[in-house]
**Student:** 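First the structure, which I've put down as structure tokens, then a few questions once you've had a look.
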Amino acid sequence: VQLQASGGGLVQAGGSLTLSCAASGRTFSNYVMAWFRQAPGEERGFVSAITWSAGHMHYDDSVKARFTISRDSDKNMVYLRMDNLSPEDTAVYYCAADPCSLCSAVYVPRSQRQYGYWGQGTQVTVSS
């Protein structure tokens with residue numbers, strides 16, 4: 001499995017960015033795809049996830065109503081639309097994936113230790 005994240009950049013507070021994650025190497029029908037982020041001096045934390053087959057979406061409370069995760073099964077792409085960005089969203093964003101037979105509308109893994117496949121990070125910087 002290979003994951004390639006892109007789309008980061010510098011944006012002013014209140015602005016928007018869309019991150020993309022290109023997935024390849026297998027079919028992902030029983031996978032969960034996730035976004036994590038890591039700010040300097042902090043642990044990598046869960047942002048959002050989506051189950052590949054059913055499209056169940058999950059969000060950390062800190063981004064709920066501002067971020068939207070989606071996937072394009074035909075293109076093997078996962079997206080993270082980020083609106084109303086604040087300086088607190090500044091971090092390196094990573095896409096991740098793992099098989100998940102238990103994933104559902106009410107559960108996805110939220111620890112980085114539960115994901116075995118990672119893309120390289122993409123920097124998001126939000127200026128005040």
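Below, each value reflects all heavy atoms present in this structure, side chains not excepted, and no hydrogens, waters or symmetry copies.
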**Student:** Taking all heavy atoms of P109 and all of F46, pick out the closest pair and write down the distance.
**Tutor:** O-CE1, 3.9 Å
**Student:** Please say yes or no: joined through hydrophobic side-chain contacts below 4.5 Å, possibly via intermediate residues, are V126 and L19 part of one cluster?
**Tutor:** yes
**Student:** Tell me, with the steps shown, if R37 and S62 meet side-chain contact (heavy atoms from CB on, under 4.5 Å).
**Tutor:** CA-CA 12 Å; R37 65 185 179 185; S62 65; 3.4 Å; yes
**Student:** Is any side-chain heavy atom of V47 less than 4.5 Å from a side-chain heavy atom of D60?
**Tutor:** no
**Student:** Answer yes or no: is there a side-chain heavy-atom contact under 4.5 Å between M82 and R66?
**Tutor:** no
**Student:** Please report the C-alpha distance between L80 and V78 in whole Å, then the side-chain angles of each, then the deciding distance to 0.1 Å, and finally whether the side-chain contact (heavy atoms from CB on, under 4.5 Å) criterion is met.
**Tutor:** CA-CA 7 Å; L80 186 68; V78 180; over 6 Å; no
**Student:** Rounded to the nearest 0.5 Å, what separation is found between the SG atom of C95 and the CE atom of M77?
**Tutor:** 9.0 Å
**Student:** Kindly give the heavy-atom pair with the smallest separation between N84 and D89, and that separation in Å.
**Tutor:** O-OD2, 4.4 Å
**Student:** What distance separates Y59 OH from S48 OG, expressed to the nearest 0.5 Å?
**Tutor:** 4.5 Å
**Student:** Heavy atoms only: give me the nearest P99-Y117 pair and the separation to one decimal.
**Tutor:** CD-CE1, 4.4 Å
**Student:** Check whether any side-chain N or O of Q120 sits under 3.5 Å from a backbone N or O of Q4 as a donor-acceptor pair, and report yes or no.
**Tutor:** no
**Student:** Please step through side-chain contact (heavy atoms from CB on, under 4.5 Å) for the pair M33 and L3, ending with a clear verdict.
**Tutor:** CA-CA 10 Å; M33 315 296 286; L3 303 173; 4.0 Å; yes
**Student:** With the 4.5 Å side-chain cut-off for hydrophobic clustering, are V63 and V32 part of the same group?
**Tutor:** no
**Student:** What distance do H56 atom NE2 and T51 atom OG1 have between them, rounded to the nearest 0.5 Å?
**Tutor:** 4.5 Å
**Student:** To the closest 0.5 Å, what do you measure between CZ (F28) and OG (S53)?
**Tutor:** 11.5 Å
**Student:** Rounded to the nearest 0.5 Å, how far does OH of Y115 lie from CZ of R44?
**Tutor:** 13.0 Å
**Student:** Can you name the closest pair of heavy atoms from M57 and I50 and give their distance?
**Tutor:** CG-CD1, 3.9 Å
**Student:** What heavy-atom pair brings E42 and Q38 nearest, and what distance separates the two atoms?
**Tutor:** O-NE2, 3.0 Å
**Student:** Hey, is the main chain of S104 close enough, under 3.5 Å, to the side chain of H58 for a donor-acceptor pair?
**Tutor:** yes
**Student:** May I ask you to decide if G116's main-chain N or O and D98's side chain share a donor-acceptor pair within less than 3.5 Å?
**Tutor:** yes
**Student:** How close do V108 and A49 get, heavy atom to heavy atom, and via which atoms?
**Tutor:** CG2-CB, 3.9 Å
**Student:** Can you tell me how far apart OG1 (T27) and CH2 (W52) are? Round to the nearest 0.5 Å.
**Tutor:** 10.0 Å
**Student:** In terms of relative ring orientation, are Y93 and F67 parallel, tilted or perpendicular, with 30° and 60° separating the classes?
**Tutor:** tilted
**Student:** Please check if W35 and V1 belong to a single hydrophobic cluster, counting links between Ile, Leu, Val, Met, Phe, Trp and Tyr side chain heavy atoms closer than 4.5 Å.
**Tutor:** yes
**Student:** Assess, by modelled atom type and distance only, whether the side chains of T125 and Q123 contain a donor and an acceptor separated by less than 3.5 Å.
**Tutor:** yes
